[in-house]
Amino acid sequence: MKPEYDVVIVGAGVAGCMAAATLGIRGKGLRTLLIDRNPQGEVGKKTTLGWICGDAVGEHHVKFVYDKLGITFGSPEIENHVNSVVVCSPDMGVTHPFEGPGFVLDRPKFARRLLNEALEAGIEYRDLTQAVDLLTEDNYVRGVTCQDLRDRQGRSYKVPSKLVIDASGMSTKLRRNLSIPSFIEKEIDRDDIEPTIRLIAQLAEGSKVEASRCEIRLNADRAPGGYLWMFPKASNKVNIGLGIQQKRTNRSLETLLNEWIAGTPLFKGMVRLTDDGNLPGAWPVSVRHQNDSLVANGFMLAGDSGWFPNPLSAGGIGPSMTGGVIAGEVATIALKGSDASEANLWDYNTRYVEKYGKKTAALEAFRIYLQTLDNSELNYGLRYFVSHKEAVDFTWGEVPELSLGDKIQKAALGFRKLRAFRNLAFSVAKMRALNRVYDEYPKSPSEFAEWKRRVDSI
């Protein structure tokens, strides 16, 4: 098939737009097409209810985009600057730092800003366009089959290209239906998906939050196997929500959210907002390490399609910004060299793992551990087992070094919670082993199969 474009990017969310902007800036002369199923004014919208997410992003991800592309962000797409993210115990008696400074976004405006950056860089864009399948030939992806959603007859047409970047979401059928040989995992386990729900609200007159910090609240009763969050957009405006492990409860997301609101005096009398049609809603998020291979011949994954969200916090905006830029840079080099083979795209794997992905398997292991704890164990553990520094280490996927004396002392303090402490020690050992193996991520496809066996064994 004669290619019509050098690259087609499917999905104009965060990762898709960042990849497109990078290709437009770095790849002058390359024919880049970005497609999205939404109308242009609602670009990146996840459901008919809106842009369902926590709206927060770490400052280090924003700085990475500036360092690479010179793009800066400000008002109106950024609503608030925060100094920290803290994790709170169920009884709210203990808080530990989770991450450093960051931003809380006006998500619809941020989405439109990202698309404008890509358009200003010179890429072509088609809205109301759905990719329904991949074109393949000679064990290469050679483009996509699309549908114009304005066509009532549902006719499809082919868009041949040298490379396809799939940034169309966690459950993308493009990845699941990939028919050429590759190391890409096609399906995600149900236990690695966290249903989430959120709303944006104006607090009642006289009610205020500390606008300088985001809060993640662990509570096995109110958010079984997950967490609650409260991210301030202003001192009287918040994004609040929760995520759960589905098998831990029979209650619906709506019931759990309403119970939290009803039981929290701060939320009494608040007004739910629908700015830009961004309604309260639910959305599933992956909470596992990224797909261990993000490339195949003529094909790349980015963002939610590659399971980029942080396994502990489910934050996906930052990893998608970082991964989208790296995908665009690697794609530019490959296409200018007329070689979009798996081997020539492999640098995307190694660079993403080095920049962000090498910590996510350890974070996944720690997430699995946290999901075994009840509220009494969470309260006790956060108070006695984990110091501030150790909490920071854990939430960055690093493993704190505890002396034997520390371990004995903490085990004695938590005698009634000995099971939880033993499981923590076990999980720490697994995290350490995973960090070691990801430090040795294969430099080429020929080394991948043996490396992947080591990961899966852990």
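These figures come from a predicted structure and were not determined experimentally.
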Review point. Y438 and D292: side chain to side chain donor-acceptor pair (under 3.5 Å), yes or no, with the steps?
Key: CA-CA 10 Å; Y438 274 85; D292 278 322; 2.6 Å; yes
Exercise for review: For the pair R288 and E185, find out whether any cationic side-chain nitrogen is under 4.0 Å from an anionic carboxylate oxygen.
Suggested key: yes
Review point. Going by heavy atoms in the side chains, are H81 and E59 under 4.5 Å from each other?
Key: yes
**Study point:** Aromatic ring proximity F183/W451, centre distance under 6.0 Å
**Key:** no
**Study point:** N/O donor-acceptor pair under 3.5 Å between R175 side chain and K186 backbone
**Key:** yes
Check your understanding: Does V43 offer a backbone N or O that forms a donor-acceptor pair with the side chain of N38 under 3.5 Å?
Key -> no
**Study point:** Under 3.5 Å: donor-acceptor pair, side chain of T350, backbone of D347
**Key:** yes
**Study point:** Residues forming a side chain to side chain contact (heavy atoms under 4.5 Å, CB included) with P284, sequence neighbours excluded
**Key:** M170, I193
Check your understanding: Can you check side chain to side chain contact (heavy atoms under 4.5 Å, CB included) on R351 and E329, steps first, answer last?
Key -> CA-CA 10 Å; R351 288 179 58 188; E329 289 182 332; 2.3 Å; yes
Review point. Which atoms form the tightest heavy-atom contact between I317 and C53, and what is the distance?
Key: CD1-SG, 4.1 Å
Check your understanding: Can the ring centroids of F73 and F110 be said to lie less than 6.0 angstrom from one another?
Key -> yes
Check your understanding: Which heavy atom in L203 sits nearest to a heavy atom in M270, and how many Å separate them?
Key -> CA-CB, 4.1 Å
Exercise for review: With side chain to side chain donor-acceptor pair (under 3.5 Å) as the test, would you mind laying out the steps for N278 and D276 before giving the verdict?
Suggested key: CA-CA 5 Å; N278 199 14; D276 271 345; over 6 Å; no
Exercise for review: May I ask you to decide whether K443 forms a salt bridge with E447, counting only side-chain N to carboxylate O separations under 4.0 Å?
Suggested key: no
Exercise for review: Spell out, as yes or no, whether a donor-acceptor pair under 3.5 Å connects the side chain of W283 to the backbone of W51.
Suggested key: no
Point to revise | Exercise: identify the closest heavy-atom pair between N239 and R198 | key: ND2-CD, 3.7 Å
Practice item. For the pair D36 (side chain) and D127 (backbone), establish whether a donor and an acceptor sit closer than 3.5 Å, ignoring hydrogens and angles. Key: no
Point to revise | Donor-acceptor under 3.5 Å (S305 side chain, L301 main chain) | key: no
Review point. Under 3.5 Å, is there a donor-acceptor pair between the side chain of S313 and the main chain of G315?
Key: yes
Exercise for review: Heavy atoms only: give me the nearest V14-S320 pair and the separation to one decimal.
Suggested key: CG1-CB, 3.8 Å
Study note, to complete from the structure: Nearest heavy-atom contact between I9 and T32 is CD1-CG2, 4.0 Å
Check your understanding: Are any non-hydrogen side-chain atoms of M230 and F267 less than 4.5 angstrom apart?
Key -> yes
Review point. Taking NZ, NE, NH1 and NH2 as the nitrogens, is one of them in R367 or D192 under 4.0 Å from a carboxylate oxygen of the other?
Key: yes
Check your understanding: Charged N to carboxylate O below 4.0 Å: is that the case for D6 and K162?
Key -> yes
Exercise for review: Please indicate whether R190 has more than 12 foreign heavy atoms, meaning atoms of other residues, nucleotides or ligands, lying under 6.0 Å from its CZ.
Suggested key: no
Point to revise | Closest contact, heavy atoms only, P224 versus R222 | key: CD-C, 3.7 Å
Practice item. For A121, check side chain to side chain contact (heavy atoms under 4.5 Å, CB included) against everything at least two apart and list the hits. Key: I25
Review point. Does L23 offer a backbone N or O that forms a donor-acceptor pair with the side chain of T332 under 3.5 Å?
Key: no
Check your understanding: Is a salt bridge present between K452 and E450, judged by a nitrogen-to-oxygen distance below 4.0 Å?
Key -> no
**Study point:** pair V141-L135: side-chain heavy atoms closer than 4.5 Å
**Key:** no
Practice item. Check the pair N297, S341 against side chain to side chain donor-acceptor pair (under 3.5 Å), reporting the backbone distance first and the verdict last. Key: CA-CA 4 Å; N297 290 332; S341 66; 5.0 Å; no
Exercise for review: Apply the test ring-ring contact (aromatic ring centres under 6.0 Å, His included) to residues F426 and Y369: give CA-CA distance (whole Å), side-chain angles for both, the deciding distance (0.1 Å), then the verdict.
Suggested key: CA-CA 9 Å; F426 175 83; Y369 166 69; 9.6 Å; no
Review point. Looking at L174, T145, I180, which one forms a side-chain contact (heavy atoms from CB on, under 4.5 Å) with L134?
Key: L174
**Study point:** Those residues that, when tested against P90, pass side chain to side chain contact (heavy atoms under 4.5 Å, CB included) (two or more places apart)
**Key:** N219, N375, L378, N379
Check your understanding: Within the distance-only criterion (no hydrogens, no angle test), does the side chain of H96 pair as donor or acceptor with the backbone N or O of L382 below 3.5 angstrom?
Key -> yes
Check your understanding: Given E77, which of R112, R107, R113, K109 fulfils the side chain to side chain donor-acceptor pair (under 3.5 Å) condition?
Key -> R113
Check your understanding: With distance as the sole test, does N80 use its side chain to make a donor-acceptor pair with the main-chain N or O of A211 at under 3.5 Å?
Key -> yes
Check your understanding: Yes or no on side chain to side chain donor-acceptor pair (under 3.5 Å) for Y441 and E354, after CA distance, side-chain angles and deciding distance?
Key -> CA-CA 9 Å; Y441 187 86; E354 177 58 32; over 6 Å; no
